[in-house]
2 protein chains.
Amino acid sequence: MAASLDTVFSALADPTRREILRMLLEDDMAVTDVAEPFAMSLAAISKHLTILAAAGLITQEKRGRVKWCKLDPDALKAASVWMQGFGQFEPVNLDAFEAFLERELGASSDRNLAD
Amino acid sequence: MAASLDTVFSALADPTRREILRMLLEDDMAVTDVAEPFAMSLAAISKHLTILAAAGLITQEKRGRVKWCKLDPDALKAASVWMQGFGQFEPVNLDAFEAFLERELGASSDRNLAD
DNA sequence: CCCATATTCAACCGTCTGGTTGACGATCCT
DNA sequence: AGGATCGTCAACCAGACGGTTGAATATGGG
């Protein structure tokens, strides 16, 4: 939950973890299924998922034997907002940027995986 | 510099480096001046600056004895764009997003935007 | 109950990271 | 020239990181 920028950015710094996030973009997945395309052990993937969860980038819910992993972009949003602070001195119009996001993303916070 | 997402995100993962970026937001600075507020050696700060430069987040220019450090948010933009990709499962139009960036950021953003 | 499946735990290993210190090459100033 | 200042380099250290393997803990299905 209370993920710091430290944990979020270091979670994103690993390509395996970024690929996992990309996969979860398409659908929620079980740990075993997340691990399948990778050339590394299940235990390694399990660790990566723990790191992603600690960073607030995914949530994990156990149903029966299976632990389902689901994208949770809140921490990503926090990091994104931090990063956008560095656009200030550039000729980008942040108000227009925000308006764009609002127009394109809509009420995103209420509408997670509507699938 | 062709900074990868790996190097950008891991550069951002350190709070000292993020603080350095925040300081450079206000003004360009010499290495010694960057180091001054931190409770660590000059050599450590010098290493941090090297990492930030390798990630494409700052540029360094030596004039006389003094090496000036300057913010260069191109790599930050690339990472930001990557992160925005996780709005995909929300009704965001990525083409429109790209068009927006091109319109707002101008030619300076052509270098590092795509992966 | 037995067995397969799903996932984590524990110990271990090599490498990367963030810090230190001291020596060093440049450069500026008298 | 001599000395102070700017910054990096090299060697070193402790700890974190990313991976492995094997054992352990649930849970589900015949």
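This one's a predicted model, so the numbers in the text were calculated from it and none came from an experiment. Numbered from 1 within each chain, the chains take letters A, B, ... in sequence-line order.
Under the salt bridge (charged side-chain N to carboxylate O under 4.0 Å, His left out) criterion, A/R17 pairs with no residue at all, not counting sequence neighbours. Residues satisfying the side-chain hydrogen bond (donor to acceptor under 3.5 Å, both in side chains) test with B/D6, not counting sequence neighbours, are A/R18. Here A/S46 pairs with nothing under the side-chain contact (heavy atoms from CB on, under 4.5 Å) rule; sequence neighbours left out. Evaluation of the side-chain contact (heavy atoms from CB on, under 4.5 Å) rule for A/A44 yields A/M40, A/S41 as partners, not counting sequence neighbours.
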Contacts under 3.5 angstrom, residues 52-71 of chain B side chains, donor-acceptor by atom type, not counting sequence neighbours:
{"residue": "B/E61", "atom": "OE1", "partner": "B/R63", "partner atom": "NH1", "Å": "3.3"}

*Output, in order, the C-alpha distance, side-chain angles, deciding distance and verdict of side-chain contact (heavy atoms from CB on, under 4.5 Å) for B/L12 and A/V8.*
CA-CA 10 Å; B/L12 293 177; A/V8 173; over 6 Å; no
Give me the distances for all protein-to-nucleotides 24-30 of chain C N/O pairs that come in under 3.5 Å?
{"residue": "C/dT27", "atom": "O3'", "partner": "B/R65", "partner atom": "N", "Å": "3.4"}

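When hydrophobic clusters are built by joining Ile, Leu, Val, Met, Phe, Trp and Tyr residues whose side-chain heavy atoms come closer than 4.5 Å, directly or via intermediates, A/V31 is grouped together with A/M23. Both A/L25 and A/L76 sit in one connected hydrophobic cluster of ILVMFWY residues. Membership requires side-chain heavy atoms under 4.5 Å apart, directly or through other members.
Along DNA chain D, read 5' to 3', the first and last nucleotides having any atom under 4.0 Å from a heavy atom of chain A are D/dG18 to D/dG28.
Residue-to-nucleotide proximity on DNA chain D shows that, of B/A30 and B/K47, the 5′-proximal contact is made by B/A30.
In the region residues 36-45 of chain B, proximity to DNA chain D at under 4.0 angstrom, judged on heavy atoms, holds for B/L42, B/A43.
Residues in residues 7-65 of chain B take part in these ring-ring contact (aromatic ring centres under 6.0 Å, His included) pairs, two or more places apart or across chains: B/F9-B/W82. Sorted by first then second residue, the salt bridge (Lys or Arg N to Asp or Glu O under 4.0 Å) pairs that include residues 36-51 of chain A, not counting sequence neighbours, number zero. For residues 20-33 of chain B, the side-chain hydrogen bond (donor to acceptor under 3.5 Å, both in side chains) pairs, not counting sequence neighbours, are B/E19-B/R22, B/R22-B/E26.
Each end of the helix from C/dC1-D/dG30 to C/dC24-D/dG7 gets its own axis from five base pairs, and the two axes differ in direction by 30°, given to 10 degrees.
Contact between A/L5 and A/A79 at its shortest, heavy atoms only, is CD2-CA, 3.8 Å.
A 4.5 Å side-chain heavy-atom check between B/M83 and A/P73 finds every atom pair outside the cut-off.
Taking only side-chain nitrogens and oxygens, A/S46 never comes nearer than 4.0 Å to OP1 or OP2 of C/dT7.
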